[in-house]
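Note sheet for the following structure.
One-based numbering, in listed order, for ligands and for the atoms of each.
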Amino acid sequence: MTLAPLIIMSGPSGSGKSTLIRATVAESKVPLRLAISATTRPRRPGEIDGVDYHFWSLEQFQQRLAEGAFLEHAQVHGKHYYGTPRSEVDGYRERGVGVILDIDVQGAALVRPLYPDHLSVFVALSDPATYGRRLRQRGSESEETIARRMATAGRELDRVKEYQYVILNDDLEHAVHRLLDLIEQHRNHSQGDDDAR
Ligand code: 5GP
């Protein structure tokens with residue numbers, strides 16, 4: 001039986017990946033949800049605990065890790081911990097809800113072998129100068145944080161070949177339609193595999 005899709009998405013800070021994912025979830029005709037990760041990074045103004053992330057202390061994070069509650073976890077930008085709780089994925093897929101993971105390249109490498117039926121997409125921009133400009137526009141990051149994120153962006157872009165598809169997010173509407181098309185194609189393909197059995 002085909003489970004609802006598991007979609008792994010990565011891309012540098014400033015690529016507009018979160019906005020793209022939210023718009024895609026809102027426009028999708030098939031049920032989709034963004035898995036809510038846990039993180040030890042401080043909450044930004046406007047972010048809500050349990051909606052944007054589960055904001056956990058380092059102690060809470062380490063305790064859940066020891067309990068085996070994470071599908072994967074990583075230290076991102078060389079600083080804070082981020083992880084996908086198992087409870088954010090399997091139950092939903094079994095109930096027919098597709099799950100999108102917004103995770104970094106390290107997390108993606110850990111999840112890929114766990115779900116061979118995944119769809120993986122890397123989100124990038126055609127003009128490298130735009131990453132930094134978008135991060136500055138956000139207004140919530142210090143120059144030190146921006147510099148760290150830009151260094152990570154370079155390392156992430158080196159691993160783009162690990163993904164099945166790349167979406168250029170220069171234009172949001174265009175990128176949403178491309179992602180919806182890829183999800184539809186992936187579903188048809190997986191169902192085709194089932195029918196052939
Ligand atoms: P931000 O701090 O801007 O919300 O996210 C920083 C980076 O952490 C993003 O590239 C995002 O994809 C990644 N990230 C968010 N949640 C997770 C997670 O659960 N696991 C991993 N490995 N990376 C994550």
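The cationic atom of R33 (NZ for Lys, CZ for Arg) lies less than 6.0 Å from the six-membered ring centre of Y92 and within 45° of the ring axis.
Side-chain polar atoms of Q63 and E67 form a donor-acceptor pair below 3.5 angstrom. No side-chain N or O of T39 forms a donor-acceptor pair with one of H80 less than 3.5 Å apart.
Considering only non-hydrogen protein atoms, atom 23 (N) of ligand 1 sits nearest to D104 N, 3.1 Å. The nearest protein atom to atom 5 (O) of ligand 1, hydrogens excluded, is given as Y53 OH, 3.3 Å; this is a heavy-atom distance. Regarding atom 19 (O) of ligand 1, its nearest protein heavy-atom neighbour is S37 OG, 2.7 Å. What sits closest to atom 7 (C) of ligand 1 on the protein, heavy atoms only, is V76 CG1, 3.7 Å.
Contact detail for V166 and A124: the closest heavy-atom pair is CG1-CB, 4.4 Å.
Using a 4.5 Å heavy-atom cutoff, the side chains of R112 and Q164 are not in contact. No side-chain heavy atom of E88 sits less than 4.5 Å from a side-chain heavy atom of L71.
For E156, no nitrogen or oxygen atom sits less than 3.5 Å from a nitrogen or oxygen atom of ligand 1, counting backbone and side chain alike. Considering backbone and side-chain N/O atoms, G83 comes within less than 3.5 Å of an N/O atom of ligand 1.
Within ligand 1, the atoms closer than 4.0 Å to a non-hydrogen atom of A74 are 22 (N), numbered from 1 in the order shown. For ligand 1 and H77, the ligand atoms under 4.0 Å from any heavy atom of the residue are 6 (C). Close approach of ligand 1 to K17 is summarised as follows: ligand atoms under 4.0 Å from at least one heavy atom of the residue are 9 (C), 10 (O), 11 (C), 12 (O). Here is the list of ligand 1 atoms found below 4.0 Å of a heavy atom in G107: 22 (N). Near R41, the atoms of ligand 1 lying under 4.0 angstrom from a non-hydrogen atom of the residue are 1 (P), 2 (O), 4 (O). Residue-ligand proximity, T84 to ligand 1, at heavy-atom distances under 4.0 Å covers atoms 19 (O).
When each of F70, F55, Y82 is checked for a ring-ring contact (aromatic ring centres under 6.0 Å, His included) with F61, only F70 meets the rule.
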Checklist entry - Passes salt bridge (Lys or Arg N to Asp or Glu O under 4.0 Å), D102 versus K17? Steps please. => result CA-CA 8 Å; D102 172 352; K17 184 183 35 160; 3.0 Å; yes
Checklist entry - What do the steps show when you test Y131 against S13 for side-chain hydrogen bond (donor to acceptor under 3.5 Å, both in side chains), and what is the final call? => result CA-CA 7 Å; Y131 296 107; S13 291; over 6 Å; no
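Within the 4.0 Å heavy-atom cutoff, R44 counts among the residues contacting ligand 1. A heavy-atom separation below 4.0 Å is not found between M9 and ligand 1.
Only the side chain of E72 comes within contact range of ligand 1, with a heavy atom under 4.0 Å; no backbone atom does.
One option in I21, D102, L34 has a heavy atom closer to atom 12 (O) of ligand 1 than any other, and that option is D102.
Annotation: Y81, atom OH; neighbour count of heavy atoms from other residues, nucleotides and ligands within 6.0 Å does not exceed 12.
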